[in-house]
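Every number for a ligand or one of its atoms is a count from 1 in the order of the listing. Position 1 is the first residue of the sequence, and the numbers go up from there. Here the structure is a predicted model, which means the values were calculated and not measured.
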Amino acid sequence: MNLNSPIFDRIRTKSRPQPRQEPTQIRCEFPGCTLPGEHRAPMGRLREGQYFCFCIEHVREYNASYNYFQGMTDNDVAKYQKEAVIGHRPTWTMGVNRTARGFREDGVDPAGFKDDLGMFRARSYRRPAAEAAKPRYGVAAMKALTNLGLDDTADAETIKARYKELVKRLHPDANGGDRSREDKLREIIQAYNYLRSAKLV
Ligand SMILES: [Zn+2]
């Protein structure tokens, strides 16, 4: 019998279907949560293809706090990225009172949950308790955001997306040469330029 026959090759390479993992068997990974972890959340840029499992409420919370660089200056981001390259973990050293939410410097909280990945600290970074009352944008920035039809919940990505959308919509080329919306378009461009000059996008 010729074991090198292409027929055997075909048999041997045929793969079995992987047994599907029942999502309801996984518990939400948020500390203290006992709900089924039916929703996957990417672990992040250094852990592509890896996921946390959360319940719907905690996946939303995680997604909302996911932007590592939210509220950081360009210098902070550059510093973080440089440190990430030389293999350090996100430790959020930018003057944040992490203990405010119960997480210590070493990522161990008093309840015994070890926050190795810093994901829950990221949330405390975004809205430190001491700064919660401090408005995110100044008066001029708020005016610019209003002109773009946005409010203070908008982040840089939202602003950029909104700006692109409005320019596309208001541009004379998109309106058969109709210039009646040019004033609005100019206002939009001015608002965006202001936000850019203020390093908010
Ligand atoms: Zn949960």
*Asks:* Report the residues that fulfil side chain to side chain donor-acceptor pair (under 3.5 Å) with Arg40, sequence neighbours left out, ordered by chain and then residue number.
*Replies:* none
*Asks:* For the Zn ion (ligand 1), count the protein N, O or S atoms found under 2.8 Å away.
*Replies:* 4
*Asks:* Quick one: side chain to side chain contact (heavy atoms under 4.5 Å, CB included) partners of Thr158, sequence neighbours excluded?
*Replies:* Leu150, Ala154, Asp155
*Asks:* Taking C-beta and beyond as the side chain, do Lys168 and Lys164 meet within less than 4.5 Å on heavy atoms?
*Replies:* no
*Asks:* Say you draw a straight line from CD of Gln190 to NZ of Lys143; how long is it, rounded to the nearest 0.5 Å?
*Replies:* 8.5 Å
*Asks:* Give a yes or no on whether a salt bridge exists between Arg60 and Glu57, defined as a side-chain N under 4.0 angstrom from a carboxylate O.
*Replies:* no
*Asks:* Strictly by ring-ring contact (aromatic ring centres under 6.0 Å, His included), give each pair with a member in residues 161-201 just once, sequence neighbours left out.
*Replies:* Tyr163-Tyr192
